[in-house]
Every structure is written in structure tokens, then in C-alpha cells.
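The residues of the chain are indexed from 1 along the displayed sequence. Just so you know, these numbers come straight off a predicted model, no measurement behind them. Because only heavy atoms are used, hydrogens play no part in the values below, and waters and symmetry mates are left out as well, while side chains stay in.
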Amino acid sequence: VAAIVAVSALVLSRQWDRGSSDDVVGASSEIVEASAKSAGNSKFLLGKIPEGDVFTPTKVKELGGETVSAVLAGRIEAGDLDPFQPDQVAFLVSEVPDLKFADDPDHVDNCPFCKRALEKAPKAIVRFRGEDGEILAGDARTELGLSKGDVVYVTGSAHFNDAINTVIVEATALYRL
């Protein structure tokens with residue numbers, strides 16, 4: 001299991017570093033000014049939870065390779081690894097098994113049903129791109145006011161990449177709980 005986690009981390013790191021342009025699919029979203037709740041100062045921050053159907057990484061995976069314009073919910077988490085990509089506005093999210101427990105990070109550790117669902121769920125790489133199509137340089141923690149463990153709702157286009165068992169999200173905006 002440790003070897004699989006290490007290989008997955010390496011593959012995810014290479015996927016992030018490449019910033020593959022063939023994963024880019026545009027999606028539009030209403031961008032609003034940062035809410036007072038956020039420590040970041042970014043045009044990508046939403047003042048409220050975005051409207052629309054909320055997807056989880058598992059729901060995107062179930063669509064196969066189909067790209068969907070979505071609101072993806074997840075918790076910024078990568079186990080023992082750092083979920084933030086160095087020098088890029090990109091990060092990894094894990095599934096929140098049941099959104100009604102989103103504000104309780106200890107719930108998964110204490111609920112065998114949620115714990116089992118989370119173990120099987122794919123992760124999602126969330127990337128913000130500039131007008132040039134490149135992943136934005138910077139740090140998502142400072143640019144977007146994020147921390148490990150935050151629950152976020154991300155708008156953008158999402159698809160499942162079977163080769164790395166990961167959802168790729170080309171993000172246009174986000175809301176942090």
C-alpha cells in the first residue's frame with residue numbers, strides 16, 4: 001500500500017509539473033470579489049457557495065472521461081503529503097464523504113462508513129490557469145487564503161483521468177467554507 005501511495009504521489013507531482021495543456025477546457029463562472037472571511041486577495045474567490053449541482057470526485061469519476069462544467073466539493077487534504085503544489089496555484093482535494101459533515105474534519109476518522117467511502121474515492125487536482133493557459137505561479141495558500149483541511153467548492157471544468165486515477169479540475173473560482 002505504501003508503494004502505491006508513493007507512486008501515486010509521484011504521478012500526481014509529474015501531472016502537476018507538466019500542466020498538461022490537453023487537460024484545458026474552458027468554463028465560465030461569475031467571479032465576485034473576495035469575501036471578508038478569506039485571507040486571500042484574489043479575483044478567483046466567491047462570496048457564497050456557487051449555485052448548481054455539486055459534484056464529488058467520485059461523481060466525476062463515474063462519468064468516465066467526460067468533461068463536465070461543475071461545482072466540485074472537497075477537502076484540501078493529501079494524507080501525509082503536502083496538498084499544495086509548490087510555486088503554483090494548484091492543490092489536491094479529497095472527497096468529503098457526506099457534505100453535511102463538512103465542518104467536522106474528525107467525523108471521517110470516527111465513522112466507519114465515511115472512512116471506507118473516502119479510502120475508495122479518487123483525489124482531485126485543482127489548477128488555476130492564467131490567460132496564457134499556463135498554471136498560475138504562486139502559492140494557493142497566500143493567493144486564495146487556503147489551508148490544509150479547508151472545505152472548498154470549486155467551479156470549472158472537471159474530468160477523470162483514468163491513467164492516474166485522479167480528477168483534473170481546471171478551476172475558474174472557489175468558495176471556502
Side-chain angles (χ1 to χ4, degrees), residues 1-31 44 46 49-79 81-99 102 108 113-137 140 144 146 150-176:
V1 174
I4 292 171
V5 170
V7 169
S8 294
L10 179 62
V11 169
L12 291 175
S13 176
R14 287 185 179 158
Q15 178 70 18
W16 276 1
D17 290 342
R18 263 199 334 246
S20 175
S21 62
D22 41 318
D23 286 334
V24 178
V25 177
S28 63
S29 174
E30 177 183 340
I31 309 282
F44 297 109
L46 298 171
I49 294 175
E51 294 182 15
D53 291 336
V54 176
F55 286 73
T56 62
T58 297
K59 188 173 178 181
V60 174
K61 179 181 181 177
E62 290 169 352
L63 297 173
E66 181 183 340
T67 298
V68 60
S69 181
V71 175
L72 184 110
R75 182 179 308 280
I76 299 175
E77 183 62 54
L81 304 173
D82 184 2
F84 295 98
Q85 178 66 15
D87 304 319
Q88 293 182 337
V89 183
F91 53 91
L92 196 67
V93 297
S94 296
E95 187 152 331
V96 178
D98 191 332
L99 289 172
V108 171
F113 303 106
C114 290
K115 193 172 189 173
R116 184 176 23 236
L118 185 60
E119 288 171 354
K120 294 180 181 183
K123 303 274 190 226
I125 297 172
V126 176
R127 307 185 295 200
F128 284 85
R129 294 186 180 269
E131 292 179 18
D132 61 359
E134 297 295 317
I135 298 173
L136 291 173
L144 303 172
L146 300 174
D150 284 348
V151 173
V152 294
Y153 289 80
V154 180
T155 62
S157 62
H159 72 276
F160 180 70
N161 184 326
D162 192 42
I164 59 173
N165 191 35
T166 304
V167 172
I168 307 296
V169 181
E170 299 302 343
T172 57
L174 75 79
Y175 175 78
R176 178 177 56 92

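- In this structure, L144 CG and F91 CZ are separated by 6.5 Å, a value rounded to the nearest 0.5 Å.
- Taking NZ from K123 and CD from E95, the interatomic distance works out to 9.5 Å, rounded to the nearest 0.5 Å.
- Every pair tested for salt bridge (Lys or Arg N to Asp or Glu O under 4.0 Å) that includes a residue from residues 58-69 fails, sequence neighbours excluded, so the list is empty.
- A donor-acceptor contact shorter than 3.5 Å is absent between the side chain of T166 and the backbone of N161.
- Taking CD1 of I135 as the start and CZ of F128 as the end, the distance is 11.5 Å to the nearest 0.5 Å.
- Between Y153 and L46, the closest side-chain pair of non-hydrogen atoms is not below 4.5 Å.
- Contact annotation: the side chain of F55 approaches that of L63 to within less than 4.5 Å [non-hydrogen atoms, C-beta and beyond].
- Contact check for Y175 versus T155: no side-chain heavy atoms found under the 4.5 Å cut-off.
- Contact detail for T67 and S157: the closest heavy-atom pair is CG2-CB, 3.9 Å.
- Residues satisfying the side-chain hydrogen bond (donor to acceptor under 3.5 Å, both in side chains) test with D162, not counting sequence neighbours, are none.
- A 4.5 Å side-chain heavy-atom check between R127 and Q88 finds every atom pair outside the cut-off.
- Between the side chain of S94 and the main chain of E77, a donor-acceptor pair closer than 3.5 Å is present.
- The two residues A158 and V167 have their closest heavy-atom pair at CB-CG1, 4.2 Å.
- Across all their heavy atoms, P57 and L72 have their closest contact at N-CD1, 3.8 Å.
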Discussion item. Could you go through L146 and L174, starting from their C-alpha distance and side-chain angles, then the distance that decides it, and tell me whether this counts as side chain to side chain contact (heavy atoms under 4.5 Å, CB included)?
Written reply: CA-CA 10 Å; L146 300 174; L174 75 79; 4.0 Å; yes
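- A pairwise comparison of heavy atoms in V96 and G74 identifies CG2-C, 3.8 Å as the closest pair.
- When all heavy atoms of F160 and G64 are compared, the closest pair comes out as CB-O, 3.3 Å.
- The minimum heavy-atom distance linking V89 with A137 is given by the pair CG2-O, 3.8 Å.
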